[in-house]
Amino acid sequence: METGAAKGAFTGPGSELTPLIGRRAETARIARLLSGARLVTLSGVGGVGKTRLALRVAADVPRSAFPDGVYVAELADLRDPQLLAPSVLGILDVANPGRPGADAVAALTARLGERRALLVLDNCEHLIDACARLTDALLRAAPGLRVLATSRQPLGIAGERVFPVEPLPVPDADTVHNLRALNASPAVALFADRAAAVLPGFAVTASDAAAVAELVRRLDGLPFAIELAAARIRSLAPQEILERLTDRFTLLTGGSRVAAGRQRTLRALIDWSHELCTHRERLLWARASVFRGGFDLRSLEEVCTDAELPPAALLDTLDALVARSIINCRREHGRSRYHMLETIREYGHERLAASGSLDVIRARHRDRYAELTARAQREWFGPRQVDWFTRLRLDHPNLRAALEFCLEQPGQARAGLALAVSPRHYWITAGLLSEGRRWLSRLLAADRAQDDAGDAAGPDAAVRLEAQVTDTYLGILQGDSDTEVRRALAACEAAARRGGHRRQSAWVWHHHGILAVWEEDFAGAAELFTRAGTEFRAQGCLDAALECRVKFAIAHAYGGEVTAAEEACGEVEAAARAHDESWLRGMALLARALLAWRAHAPADAVAHARAAIARLRPFQDWWDVAMCVEVIAWSTQDAPRRAARLLGVLHMMWESVGGRLGSAPFMRARHLRFEAAVRQALPAAAFEREFRRGARAGVDEAMAWVLDDAAEVPGLTRRESQVAELVAEGLTNKDIAARLTIAQRTAENHVERILAKLGFTSRTQLAVWAHEQRAEPAGS
């Protein structure tokens with residue numbers, strides 16, 4: 001039995017010239033898989049790091065598990081399938097038996113038959129059939145053999161365990177505000193490490209943190225692309241690299257001179273995958289590149305199939321691209337949804353443009369999402385309301401792509417306007433006021449430039465008018481000046497009267513009602529909402545009529561007409577229940593929360609407001625959720641520390657919807673009085689600390705505080721809360737480890753995470769904060 005390293009045998013971690021970053025969990029999971037399965041295949045797109053991961057696993061396996069050796073067969077440069085077995089035989093230090101093929105397979109099985117060894121087959125994708133046959137033969141003949149393969153698609157033989165290798169996690173948008181957390185991101189850590197190799201002393205700083213975070217996000221966390229980008233740091237700053245990323249295949253060149261040709265540039269790496277595809281697979285890859293963010297099977301069929309790629313062939317072709325890791329499949333909300341890394345998508349987009357069919361496929365894509373949003377509008381008022389909103393949020397990048405097409409193509413602006421206002425409240429409930437206005441203003445300008453007919457009464461004119469009315473309403477919600485808004489509404493009302501567009505006239509009255517509420521003219525608002533609702537009922541628009549009715553209830557609940565408000569709430573709730581609708585029921589609960597607050601019943605006000613949030617949150621309707629949080633905050637004035645935190649949450653929420661209000665205008669005076677009272681009840685430093693914590697919170701953390709006033713320590717796990725308490729007692733990390741029976745390094749990690757979460761830079765700050773938390777219960 002041989003124990004020395006054979007030719008081609010793995011030589012251990014010392015052979016790695018650069019460290020493997022961010023893959024500790026994956027290596028452990030692969031090692032566990034390998035201990036139970038005889039064939040494990042690491043699959044993933046080119047450049048994701050399959051080879052490095054396989055080599056690290058091979059280096060780390062205990063030699064007692066494979067006493068007869070660990071062998072690595074690098075197959076990237078091998079083209080002839082007949083030479084596969086002889087090549088693998090060569091790494092075992094066995095002379096070629098002479099004739100390729102069957103004799104080499106026999107020699108391999110004889111060599112490995114009684115041995116316990118690990119064979120790494122690296123880069124199998126271009127020899128997939130030959131690798132599958134050889135692996136199957138070896139595993140049948142050698143019971144002590146384990147095979148670890150890397151391939152852009154599985155080998156597809158019995159007993160194979162496939163481990164999908166994902167790109168490195170990238171930082172979310174909030175992380176850029178915390179340099180410690182940003183540098184802990186595996187994608188950022190890889191960029192920093194490789195950048196420091198070419199520019200000694202490089203480190204991510206506060207000035208370039210946002211650029212580096214966006215850069216690794218735009219590169220999909222793809223290790224090879226990140227390494228190529230980092231190599232540019234010797235001549236370009238991170239922001240300059242980011243600005244030039246629009247032509248990533250030109251920018252990202254210059255890999256290792258000793259690497260295989262396909263590993264020196266990003267384009268060559270993806271060319272390699274493209275060459276392995278069939279004609280139909282290449283066609284689908286290119287056509288699917290018109291999708292943004294993801295797509296489902298039905299959309300793929302609607303947009304990508306024709307005589308050249310018939311519907312009957314779509315599923316098999318898609319399955320092949322998923323197997324090759326060109327397209328990724330995920331389960332989202334119980335359905336299959338498909339995605340491409342942006343780098344892969346851009347490559348396909350270039351191919352589609354070169355084919356001359358880009359505009360045809362983009363037009364099909366626009367038509368698909370125009371049909372989808374129109375259907376969402378038809379079914380919005382009913383049991384599928386939340387489902388449709390979720391679907392549209394998933395497809396929001398595709399909606400953007402469709403709107404871009406309408407702006408770029410002559411004569412398509414009116415179609416873009418129809419897409420932009422359907423469903424009617426999408427931009428509001430999605431918390432995308434600024435984006436909605438940007439699309440509407442650009443499309444309206446393009447439509448004016450293209451419009452020669454000037455028919456005020458035609459159906460196309462109604463679409464344009466509806467877009468103008470919607471744009472004005474978004475301006476109201478963003479806090480546009482009263483003069484500007486009233487001028488726009490007057491223009492809309494005049495156009496609606498000229499064209500006989502009664503439904504648009506009713507919306508103008510509704511918007512005037514909102515302005516009246518802003519001015520605390522609750523009686524005038526109620527009259528306008530009633531007038532608009534009556535017209536909507538006459539037009540058969542029950543959902544719009546009920547919306548006017550629920551806003552009538554909110555106006556009177558805040559203004560003091562309790563009986564009228566309660567009657568309107570009951571009417572809306574009954575109709576919404578009959579249609580199994582969610583959003584209007586949430587708004588009615590907000591009205592009831594205001595009624596309870598006015599009746600000096602804070603517990604009931606909080607309960608109704610929380611129930612309203614439960615209805616409104618699935619829509620991400622942060623404008624109306626913020627009003628619910630306002631009521632909850634007012635009902636917790638006896639707990640000033642918690643109230644200060646909720647004021648910070650409100651600040652965060654109003655900023656997130658893109659408005660300039662800081663509070664619902666009719667609530668502003670009460671909001672300012674409440675804030676003044678809370679400031680008076682707390683030391684200035686304590687108020688600012690709690691307010692800042694709320695303002696910096698993510699949505700999930702903020703909602704946890706809003707919905708649960710009995711949380712232990714905001715933002716911390718139970719274990720982290722224990723560690724914070726022990727820091728307050730003056731214990732060192734070593735003492736904390738002994739007290740909690742954990743490793744000292746684990747205790748250190750807990751302290752580092754707590755400091756990062758709370759935005760502190762020292763243990764002293766943490767200790768002071770923990771003392772204050774103990775001095776006042778967390779619910780206060």
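If you're wondering where the values come from, they're calculated on a predicted model, not measured in any experiment. Values reported hereafter were calculated over all heavy atoms of this structure, with side chains retained and with hydrogens, waters and symmetry mates removed. Throughout, residue positions are numbered sequentially from 1 according to the sequence presented.
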Check whether any side-chain N or O of R610 sits under 3.5 Å from a backbone N or O of V706 as a donor-acceptor pair, and report yes or no.
-> yes
For H510 and C548 the tightest heavy-atom approach is CD2-SG, 3.9 Å
Before giving the answer on side-chain contact (heavy atoms from CB on, under 4.5 Å), spell out for Q620 and R393 the whole-Å C-alpha distance, their side-chain angles and the decisive distance to 0.1 Å.
-> CA-CA 10 Å; Q620 300 180 34; R393 284 295 287 177; 3.1 Å; yes
Spacing of L682 atom CG and F691 atom CZ [to the nearest 0.5 Å] | 13.0 Å
Return the minimal non-hydrogen interatomic distance between A605 and A596, and the atom names on each side.
-> N-CB, 3.5 Å
Quick check: does any side chain N or O of E581 sit under 3.5 Å from a backbone N or O of W583, one acting as donor and the other as acceptor?
-> yes
Is there a side-chain contact between V517 and Y558 (heavy atoms, below 4.5 Å)?
-> no
Between L515 and L489, is a side-chain contact (heavy atoms from CB on, under 4.5 Å) present by the stated rule, with each step listed?
-> CA-CA 11 Å; L515 290 177; L489 285 176; 3.8 Å; yes
Do R679 and E688 come within less than 4.5 Å of each other through their side chains, counting heavy atoms only?
-> yes
Could you tell me whether the side chain of F687 reaches within less than 4.5 Å of the side chain of E675, counting heavy atoms only?
-> yes
For the pair E519 and R486, find out whether any cationic side-chain nitrogen is under 4.0 Å from an anionic carboxylate oxygen.
-> yes
Report the C-alpha distance between F666 and M627 in whole Å, list the side-chain angles of each, state the deciding distance to 0.1 Å, and finish with yes or no for side-chain contact (heavy atoms from CB on, under 4.5 Å).
-> CA-CA 10 Å; F666 69 101; M627 290 196 289; 3.9 Å; yes
Rounded distance (nearest 0.5 Å) linking atom CG of L646 with atom NE2 of H651 | 14.5 Å
d(L199 CG, R232 CZ) to nearest 0.5 Å is 14.5 Å
Should L589 and R615 be marked as a side-chain contact (heavy atoms from CB on, under 4.5 Å) after you check the CA-CA gap, both sets of side-chain angles, and the distance that decides it?
-> CA-CA 9 Å; L589 284 164; R615 288 280 179 183; 4.1 Å; yes
Output the distance between atom CD (E566) and atom CG (L595), rounded to the nearest 0.5 Å.
-> 5.5 Å
In terms of side-chain geometry, is the basic nitrogen of R438 or E435 positioned less than 4.0 Å from the acidic oxygen of its partner?
-> no
Could you tell me whether the side chain of R194 reaches within less than 4.5 Å of the side chain of I233, counting heavy atoms only?
-> no
Taking the six-membered ring for Trp, are F389 and W380 parallel (under 30°), tilted (30 to 60°) or perpendicular (over 60°)?
-> perpendicular
Of T472, T470, D480, which is the lone residue that meets side chain to side chain donor-acceptor pair (under 3.5 Å) with R437?
-> D480
Locate the shortest heavy-atom distance separating R585 from A576; write the atom from each residue and the value.
-> CG-CB, 3.2 Å
Please examine the side chains of V550 and L546, heavy atoms only from C-beta on, and report whether any two atoms are closer than 4.5 Å.
-> no
Compare every heavy atom of D395 with every heavy atom of R391, then report the nearest pair and how far apart it is.
-> NE-OD2, 2.7 Å
Check: V485 and D482 side chains under 4.5 Å, non-hydrogen atoms | no
Answer yes or no: is there a donor N or O on one side and an acceptor on the other, between the side chain of N398 and the main chain of G294, under 3.5 Å?
-> yes
Determine whether M653 and M703 make a side-chain contact, defined as any pair of heavy atoms from C-beta on separated by less than 4.5 Å.
-> yes
Is a donor on one side and an acceptor on the other found under 3.5 Å between the side chain of R442 and the backbone of E404?
-> no
Which heavy-atom pair separates P169 from S185 by the least distance, and what is that distance?
-> O-OG, 3.6 Å
How are the rings of W634 and W597 set to each other: parallel, tilted or perpendicular (split at 30° and 60°)?
-> tilted
How close do I21 and P186 get, heavy atom to heavy atom, and via which atoms?
-> CG2-O, 3.8 Å
Got a donor-acceptor contact below 3.5 angstrom from the R217 side chain to the P171 backbone?
-> yes
Rounded distance [0.5 Å steps], NE2 in H608 versus CG in L594 = 10.5 Å
Anything under 30° is parallel, anything over 60° is perpendicular, the rest tilted; go ahead and classify Y473 against H511.
-> parallel
Any sub-3.5 Å donor-acceptor pair from D193's side-chain atoms to A189's backbone N or O?
-> no
Answer yes or no: is there a donor N or O on one side and an acceptor on the other, between the side chain of Q385 and the main chain of S582, under 3.5 Å?
-> yes
Determine yes or no for a side-chain-to-main-chain donor-acceptor pair under 3.5 angstrom, with R617 supplying the side chain and V625 the backbone.
-> no
Non-hydrogen side-chain atoms of I613 and I632 separated by less than 4.5 Å = yes
For the residue pair W427 and H396, does the interplanar ring angle fall in the parallel (under 30°), tilted (30 to 60°) or perpendicular (over 60°) class?
-> perpendicular
For the pair F552 and H556, name the ring-plane relationship: parallel under 30°, tilted 30 to 60°, perpendicular over 60°.
-> perpendicular
Look up atom CD in E547 and atom NZ in K551, then write down how far apart they are to the nearest 0.5 Å.
-> 3.5 Å
Using a strict 4.0 Å threshold on nitrogen-to-oxygen distance, state whether R487 and E484 make a salt bridge.
-> no
D208 side chain vs T205 backbone, donor-acceptor pair below 3.5 Å = yes
